[in-house]
There are 2 protein chains.
Amino acid sequence: MDSLDRAIIDELVRDGRVTNVELASRVGLTAGPCLRRVQRLEADGVIRGYHASVDPHAVGRGFEVILHVDLVTQEAAVVTDFEREAAALEEVSEFKRLFGTPDYFLRIAVADLAGYEEFLTGRIMSIRGVGKVSSHFSMKNLKG
Amino acid sequence: MDSLDRAIIDELVRDGRVTNVELASRVGLTAGPCLRRVQRLEADGVIRGYHASVDPHAVGRGFEVILHVDLVTQEAAVVTDFEREAAALEEVSEFKRLFGTPDYFLRIAVADLAGYEEFLTGRIMSIRGVGKVSSHFSMKNLKG
DNA sequence: TATGTGCATGGACAGCCTTGACCGCGCAAT
DNA sequence: ATTGCGCGGTCAAGGCTGTCCATGCACATA
């Protein structure tokens, strides 16, 4: 993992579909060694994959909400049930258990406010053991 | 935006480096029309780009913390200064202004706990106007 | 000095992409 | 029924890429 590897990674993060010859010329290598490095980075798990990034609005996921959830108990059955059910919801794009408060951090991606209201009452608050929930609406993205 | 477009998008999100011929066969098209659709989706901004996904640990960003920040005042100069300075920090991978409390949501990606402590005291709390900060450490990722 | 690592170069082959043109089908409007 | 339009299928030519190989060189290390 030297500066050439980092340059390759930076380029591939910026443009995941760049051709090997173009990538090589951008980082100051020729195609052969460049390809070897990329394959090594992939094999080592440094590069996990390549993905298209899609406009959320175009796929009905333009309304994003950060949701904090507390459970009313830490009883094992309640915890595992909640985690399984919430993780299975496709509107849940990120789902973490936290140390301390709140118990859970969820990122919800739905089409609009109505969709969120429906999701929150119908999908989340109907799960057994869900206590306090707190929704945080984004005013503006300042980065990312 | 029909079911073919959605299938193409799903495939490209899953594997952003799939070849056009392979993509076409997966969604049940031939190469020509498939390429036309991909180009249209790109031109329309539905597909924003293609990016490699990198193991955070391999690039010194394996320790992620969710950080809530409140400012001591909503004075315009303080607000704009804070937003500009925080957005410029490379450890900040996501940065939103929220409605209500807290004022700001930040995602911080550093190497380890020591790096976070240094970041928090040296980079965030030293910005003028920063009041209450609250760090949320992830216990485990349940999705995403 | 001997060795291992990593890169440059050149060549070669198979395969893919791109582009364009032309054809046929289904559907909606007239 | 007919016309026009949108969309997919097919075909072909040309260029480029990905991949692999062998060889030689520079550099750090033992």
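Each chain gets a letter, A, B and so on, in the order its sequence line appears, and its residues count up from 1. No hydrogens, no waters, no symmetry mates; every other heavy atom, side chains included, goes into these values.
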Rounded to whole Å, the CD-P distance (B/E22 to D/dG18) equals 17 Å
Next item on the list: Ignoring backbone atoms, test whether B/T19 places a side-chain nitrogen or oxygen under 4.0 Å from the OP1 or OP2 oxygen of C/dC17.
Entry: yes
* To do: Salt-bridge test for A/D2 and A/R37: reply yes if a basic N is under 4.0 Å from a carboxylate O, no otherwise.
  => yes
By ring-ring contact (aromatic ring centres under 6.0 Å, His included), B/Y116 pairs with (sequence neighbours left out) B/F137
Taken to the nearest whole Å, CG/B/L35 to P/C/dT18 is 5 Å
When rounded to whole Å, the CG to P distance for the pair A/D5 and C/dG6 reads 10 Å
Ring centers of B/F63, B/F119 separated by less than 6.0 Å: no
B/N20 CG to D/dG18 C1', in whole Å, measures 17 Å
In whole angstroms, the gap separating P of D/dC7 from CZ of B/R40 amounts to 7 Å
From CZ of A/R17 across to P of D/dT17 the rounded distance in Å is 14 Å
Polar pairs (N or O, both sides) under 3.5 Å between protein and nucleotides 7-11 of chain C?
| residue | atom | partner | partner atom | Å |
| --- | --- | --- | --- | --- |
| C/dC7 | OP1 | A/R37 | NE | 2.5 |
| C/dC7 | OP1 | A/R37 | NH2 | 2.0 |
| C/dA8 | OP2 | A/T30 | N | 3.2 |
| C/dA8 | OP2 | A/T30 | OG1 | 3.0 |

| request: Classify the nucleic acid contact of B/Q39 as base, sugar-phosphate or nothing, counting any heavy atom under 4.0 Å across all strands shown. | output: sugar-phosphate
Would you call the rings of B/F95 and B/F82 parallel, tilted or perpendicular, taking 30° and 60° as the class edges?
perpendicular
Between CG of A/L23 and P of D/dT19 the distance, given in whole Å, is 12 Å
Determine, using ring centers only, whether B/H68 and B/H136 are less than 6.0 Å apart.
yes
Check your understanding: Do we see a donor-acceptor contact under 3.5 Å between the side chains of B/E94 and A/N141?
Key -> no
